[in-house]
Each structure stands twice: as C-alpha cells, then as structure tokens.
Amino acid sequence: MMAKPNPIPDLKQRVKTLEGQVRLLLPLIEEVRVLKERLDSRCLHGLEARKEEEKVGSSDDLKKLQEILKLKETELRETQAELEKLKEDSEKSKVEALRVLREELQAKGEELKKLADELQAERQKTAELRAAAEVGPNLQQKDSQGRTELHRAAERGDTHRVQLLLDAGSLVNAEDHDGCTPLWLAAELGHQDACRALLAAGARPDVKSRPSGCTALHVAAFNGRPAVCELLLAAGARPNEPDDLNQWTALHWAVYCGHAPVVQLLLQHGAERGARDKWGRTALDLARQFGRTEVAAMLQG
C-alpha cells in the first residue's frame, strides 16, 4: 500500500516563514508609530512641533509614511490571519493523521490476531497428528481390567504420555470394570501433574468407583494428597459428597487416616464438621475413636 503524503512538515515550514515575516514588519511599524506621534505633537504644540517636523521631514513624507503604515498594518493583519489559518489547518491535519494511523493500527492488530489464531490451529493440528503417530491407532482398546492406555499412563503418572493420548483423542472419562477413571487412578496415587492435565481436558472429579462409591476426592483424602485434593476442589469436586459404602465424606476419610493438612484444606473449602456416616458418627467422633488428637483439636477449634 502506497504511503500517504504527510502535509504536516510543509505546514510547519510555512508557519515558520510567516512568523519571520511578522518579526521583520514589527520594527518598521514601530518606527511609523513614533513618527505619527511626533506629527501629532507638532500640531498641538506649535513651535516645538515645527522643530520636530524639521527632524522627520516634510508633510509629504509623513503622508507617504502614513500610507506605508496603513499598508504594513493591512499586510500584518493579513499575515496574522493567514498564520492563524495555517495553525488551525495544521491542527486539523494532525488530528486526521492520528485518526488514519489509529485505523491502520487497528487493522494491523486484527490481522495479527487472525494470523495468531491460524498459527494456534496449525499447532493444535500438528500436535494431534504427532500424538496419533506416537500412541498408535488403538486408543480405546481395553485390557482385562477394562483399562485403556490412558488409564495406565495416568496410574504411572506419565504426564507426557497422558497428554499425547489426550491430544490423540483418548476418552478422558473412560471407566474400567470398577468404574475408575484415569483421574481416579492418578488422584489415588498423588500424580498431581497428570491430574492437572486430565482436569484441563475435561475429566469429571465426581465419578464414583464400584462398589464403594468413592470419588477421586475420597481416595486423595484417604491417601493424604493435599495438592491433588486442592486441584479437585478447584475443578468442582464436592467436599461433602458421601461415599456409597459408609456414607463417609472426604473429611471422614482424612480424619480416619490422620491427615491433618488434608483436614485443614477440606475445612477451608466448606467441609461440614457435623456430617454423619451411616452409623451417625461425625468426623470428630472418628478422631476420638481412633486417637487422632491433632485433627480432633482442629475439628473442635
């Protein structure tokens, strides 16, 4: 696109020239003003005025000077008017130039955003192709336990493999024969990075295993995994969801095993101290029953 001419430098030069002309006219105007004052003084004071006339010349000269004065005053007014107009035009040109520049920048920004989106799409497509090539075609094939390759990678905590399988299209919420998802297995063993990748891909934190009905939060609390518990809670895991076997919440499980950091985290996320299991016991009852003095103090506080 051909660059547009910028009128601002020419306007600045014209303004500078006119200002110089004004500076040259001002001394002459001042000289004529002085001569005019002397002429007026001569008319008023007689002899003294005639002496001044001898100094400044004849009346014809004064008339000529008066005519010059009028011409110069007219020229000065015209020059000043032109100068003001040029300044006004200059400001308008600046505003217009800025408007055009803003529009061009906005267009460039939209073009860059479009290119960035296209680049991201290409990267995603490349990642999917690479992942599919590395993991092979049988993504959903299950073993004797009903587990896919994603289950096994999550159980090992192999985050790189987990991400490759997800990029290639593995089912993130696939369940094995016991109802366990890849997230459930990663949470049980405390594989924080694998849990993060699975959650980012849409893994559900509330899936219950069979027959106990424990969620990923239950097993993470049972095994003392506070970092994993925090990830699950941030992803929407319900702190007061009971299991199907004992009607224990994650707080019951954490108290039963004496995991104080998990107990504290659950309480901060709204775990109910008074939730009761199927025998009517609260988490504090369990703490007293199994001698968990540290968590009992936390529950009483």
Hey, are Asp277 and Trp248 close enough side-chain-wise for a donor-acceptor pair under 3.5 Å? yes
Could you go through Gln145 and Arg152, starting from their C-alpha distance and side-chain angles, then the distance that decides it, and tell me whether this counts as side-chain contact (heavy atoms from CB on, under 4.5 Å)? CA-CA 11 Å; Gln145 295 177 289; Arg152 293 188 287 273; over 6 Å; no
Mind checking the CG-CD spacing from Leu164 to Glu149? Nearest 0.5 Å is all I need. 10.5 Å
Which value, rounded to the nearest 0.5 Å, describes the distance between Ser212 atom OG and Asp178 atom CG? 9.0 Å
Are Leu198 and Val207 linked, directly or through intermediate hydrophobic residues, by side-chain heavy-atom contacts shorter than 4.5 Å (ILVMFWY only)? no
When you compare the side chain of Glu230 with that of Gln268, does any pair of heavy atoms fall below 4.5 Å? no
Decide yes or no for Leu232 and Leu183: does some side-chain heavy atom of the first lie under 4.5 Å from some side-chain heavy atom of the second? yes
Within the side chain of Asp243, is there an N or O that forms a donor-acceptor pair under 3.5 Å with the backbone of Leu245? yes
With the 4.5 Å side-chain cut-off for hydrophobic clustering, are Val255 and Phe290 part of the same group? yes
Does the side chain of Arg273 reach to within under 4.5 Å of the side chain of Leu284, using non-hydrogen atoms? no
Could you tell me if the side chain of Asn246 sits less than 4.5 Å from the side chain of Trp253, heavy atoms only? yes
Arg204 and Asn173: which non-hydrogen atoms are nearest, and at how many Å? N-OD1, 2.9 Å
Of all heavy-atom pairs linking Pro239 and Thr249, the shortest is O-CB, 4.0 Å
Calculate, to the nearest 0.5 Å, the distance between atoms NE2 and OG1 belonging to His151 and Thr181 respectively. 6.0 Å
Rounding to 0.5 Å, atoms CG (Leu299) and CZ (Arg292) come to a distance of 12.5 Å
Within the structure provided, determine whether Leu233 and Leu217 are in side-chain contact (heavy-atom separation under 4.5 Å). yes
Considering only residues two or more places apart or on different chains, which pairs with a residue in residues 84-112 satisfy ring pair (Phe, Tyr, Trp, His ring centres under 6.0 Å)? none
Hey, is Asp143 close enough to Arg147 for a salt bridge, meaning N to O under 4.0 Å? no
Minimal non-hydrogen separation, Ala235 against Leu199, with atom names: CB-CD2, 3.7 Å
Which atoms form the tightest heavy-atom contact between Thr215 and Asp206, and what is the distance? CG2-O, 3.8 Å
Got Leu267 and Leu251 here, is their nearest side-chain heavy-atom distance under 4.5 Å? yes
Same cluster or not: Leu189 versus Phe222, using hydrophobic residues (I, L, V, M, F, W, Y) connected whenever any side-chain heavy atoms lie under 4.5 Å apart? no
Other ILVMFWY residues reachable from Trp184 by side-chain steps of under 4.5 Å: Leu185, Val219
Measure the CD-CD distance between Glu241 and Gln247 for me, rounded to the nearest 0.5 Å. 9.0 Å
Is the NZ atom of Lys278 crowded by more than 12 outside heavy atoms at less than 6.0 Å? yes
Polar contact flag, side-chain donor to acceptor under 3.5 angstrom, Trp279-Asp285: no
With Glu110 as partner, the option from Gln106, Lys114, Lys108 fulfilling side-chain contact (heavy atoms from CB on, under 4.5 Å) is Gln106
Nearest non-hydrogen partners of Ala197 and Leu166, listed with the distance: O-CD1, 3.8 Å
For Ala260 and Glu294, the nearest pair of non-hydrogen atoms, with its separation, is CB-OE2, 3.5 Å
Between NZ of Lys142 and NE2 of His177, what distance do you get to the nearest 0.5 Å? 7.5 Å
